[in-house]
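Data first, discussion second: the structure below is written as C-alpha cells.
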Amino acid sequence: MRTQILLPLFLALSLAGCSKSSSDASAPSKGTEDVTLLNVSYDPTRELYADFNAAFAKQWEAKHGQKVTIKQSHGGSGKQARAVIDGLDADVVTLALAYDVDMLHDKAQLIPQNWQTRLLDNSAPYTSTIVFVVRKGNPKGIKDWEDLVKEGVSVITPNPKTSGGARWNYLAAWGYALRKQGGSEATAQAFIEKLFRNVPVLDSGARGSTTTFAERGLGDVLIAWENEAFLLTKEVGKDKFEIVVPSVSILAEPPVTVVDKNVDKRGTRAVAEAYLQYLYSDEGQELAAKHYYRPRSQAVAAKHAALFPKVSLFTIADVFGGWKKAQAAHFDDGGVFDRIYVPQAR
Amino acid sequence: MHPSTLVLRRRTRTLGGPAVIRWTLIGLALLFLGVFLVVPLVAVFTFAFQKGWEAYAAAISHPEALSAMRLTLTAAAIAVPLNLVFGVAAAWLIARFRFPGRSLLITLIDLPFSVSPVIAGLIFVLMFGRQGWLGPWLAEHDLHVIFAVPGIVLATVFITFPFVAREVLPVMQAQGSDEEEAALTLGASGWRMFWRVTLPKVKWGVIYGVILCNARAMGEFGAVSVVSGHVRGVTTTLPLHAEILYNEYDFVGAFAVASLLTLLALVTLVVKKYVEWRSVAS
C-alpha cells in the first residue's frame, strides 16, 4: 500500500524540482536600458565577430547612448541553424551558407522566404573562397585540384553532411571537375569519389578539420576557407604552413539575416538591423578584410588587393542552380555524397 | 586454523611465480598507468602553464571562464541534492519493498547509464525545443528551458540520476531490514526509524554516491553540449568552455580550464579515498 503512494510521490517530487528550476532562471531581463543581441554564427567567424562586436557596440553607444552587448554562439553552420530552429533565441544569424538560413524559414517560419534579398549582395557582406593549405615547402607538390586525387596524398576536409564549410569544399571540387575540359556530371562524380578516398578522417566542423591538420598533424593538404587558411598560416602556425590557391574555385557567400520572429518578440529589431548594416560600412568591411574575408566594398577590396590573389570564381547559382538544388542532389540522404563516400579504414 | 593458513601462504607464494614474471607484470601495469593516466595529467598542467603563471591566471579569471565556473557549480548544486533525495528514496523503496513495477524502476534508474549522453540531450530538445512537445506552450509563456540554464541543469540531473541510487542500493540490500523492523516494533515512527537506523547504516554509500554524482555533474559534456546552444558567457559550462577555447587556438586557456576540471577530479579522488578509509574504519 505504502509503496503505491510513494512512487507517484517521487515522480511528482522530481518533476516539481525541474519545473521550479526552469522558471527561476528564465526571467527575461526587460525594462533595462541596456540591450543584448545574440549572434548565432558558424565556426571560423569567432575572431571576426569578437572585433566587430566591440566596434559596433562603440559606434551604437556613441550614436544612441545605449549600451549593447553582443553574445556569440559558434559551431558548425548546420548545427547552429538547427539550434535556432529548436529555440535558440538568436537575434541575428551569420551562417556559412544560404541553405542553412533557408531552413529557418522552411522548418520554423522564423524569417520570410525572401530573406536573402533584404540586404545587399545576397545578404553576404563579405565573401571567401576555398583554397588549400599544405605543409611548409609543399612536400607533395600540390598545385591544383588534380593533385588532391593522386595516390598517397592525404586530404583533410570536414563532413559535408554536418559542416557548411565542407559543402563549399565539396562543391568547389565538383565545379572544378565539371568545368574543366571534357568534364561532365559523370567525371565530376568520379573525381569527387577519388578525392574522398584520400580523406582519412571527416571532422564534423571546419574548425575541427583545421585542428586535425594543424595540431594533430594529419594529412598533406587541408581544404579550407581562405580566411581560415590565412588565420592558420599568419597567426597560428607561422612558418609551418603554406597556402596554395587553385586555378578555379567557388565564390563562398556566407549570408547574414535578422531572425524576425525573435527580434520582434524581444523588441530588438532596430539594433539587430543596424548591427548587420554596420557589416557593410567601411569599418565593418575593414574588419572583414583584417580577418581575411574578402570585402564586398570595391574601395576596401582595392586597398587589400595584395592579400587576396585573383582566382577564377564560379558561384553556386552558376554551376548548381542554387543551394536547394545542390543540397538535394549532393548532401541529402541518398544523395551523391552518400553514394560515393566509403569510410577509410586507417 | 594453523595448518590451513600455512597451506594458503604456500599457495600464494607459488602463485606469485618467479620474480621475473612478477616484476614484468608490475612494470607493465605501471607503464600502462603512466601512459594512460600520468602523462595526460602532466600534459594538461604543462600546457596550462606553458606561457607562465600570469597567462594561466588570466585564462581562469576571464569573465567567460568565471561564468562557466558559476554555471557548472550551479548545475551541480541543483543536480546533486535532487539526485541525493531521489537516490536514497529509490534505493530504500527497491531494497525494502516488493511492488509491481519494481524491476521497471530498477531499469529506469539505469537508463541514463545505458543511453548515450548525446541522445539524452536530444530527448530534451525534442521535449522542450521550439518544435518539441512543450515548445509552443513554453514560447507562449516566454519560458526558456533548452539553450538556457534550466536545460543544462535538466541534462545534468538526468545524466547523474543513477549514481546515488546505485551506490546506496547494494548497501541497503546487504543491510537487511531486521534492525528497521526492530525499531518499528519498539515503537519508532517511520521517519525516526529512517533517520536513526536506516540512514546511519548506509551513510558511507550515500557519501560515496554524492561524490561520484558531483564529479560527473561537473564533468558532463555530451548531453550538456546538445542543450547548451553554446552562448559564450551564458550557457557554457567548464567542459564546453574548454572546448571553445581549444577551437580558438587558445591552448593555454583551454588547458587552464581543463586543469581546473582536473584539479576537481583529483580533489574528488582524495575525498573518495578518505571516505573509503573512514567507512572501512567505522
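Sequence lines set the chain letters: A, B, ... in the order given, protein chains first and strands last, and positions in each chain run from 1.
- For B:Val231, the parts lying under 4.5 angstrom from a heavy atom of chain A are both the backbone and the side chain.
- Ranked by heavy-atom pairs under 4.5 Å with chain B, the list A:Glu47, A:Lys107, A:Glu215 is led by A:Glu215.
- The environment of CZ in B:Arg192 is sparse: at most 12 heavy-atom neighbours from other residues, nucleotides or ligands sit within 6.0 Å.
- A:Ile85 touches chain B through backbone and side chain together, each having a heavy atom under 4.5 Å away.
- Looking only at heavy-atom pairs under 4.5 Å with chain B, the residue among A:Val40, A:Asp86, A:Leu38 that has the most is A:Asp86.
- Between B:Phe147 and A:Leu88, the shortest heavy-atom contact is CD1-N, 3.2 Å.
- Using a distance-only test at 3.5 Å, with no hydrogens or angles considered, no donor-acceptor pair links the side chain of B:Arg232 to the main chain of A:His74.
- More than 12 heavy atoms of other residues, nucleotides or ligands lie within 6.0 Å of NZ in A:Lys161, so this atom counts as buried by the packing criterion.
- Put simply, CZ on A:Arg207 and OH on B:Tyr246 are 11.5 Å apart, with the number rounded to the nearest 0.5 Å.
- With a 4.5 Å cut-off on non-hydrogen atoms, A:Leu110 touches chain B through its side chain but not through its backbone.
- One distance of note links NZ of A:Lys261 with CZ of B:Arg130; it measures 7.0 Å at 0.5 Å rounding.
- Both the backbone and the side chain of B:Ile244 come within contact range of chain A, judged by heavy atoms closer than 4.5 Å.
- When all heavy atoms of A:Ser73 and B:Gly229 are compared, the closest pair comes out as OG-O, 2.5 Å.
- When heavy atoms are compared at a cutoff of 4.5 Å, A:Asn39 does not approach chain B at all.
- Here the shortest heavy-atom pairing between A:Thr211 and B:Asn247 reads OG1-OD1, 4.4 Å.
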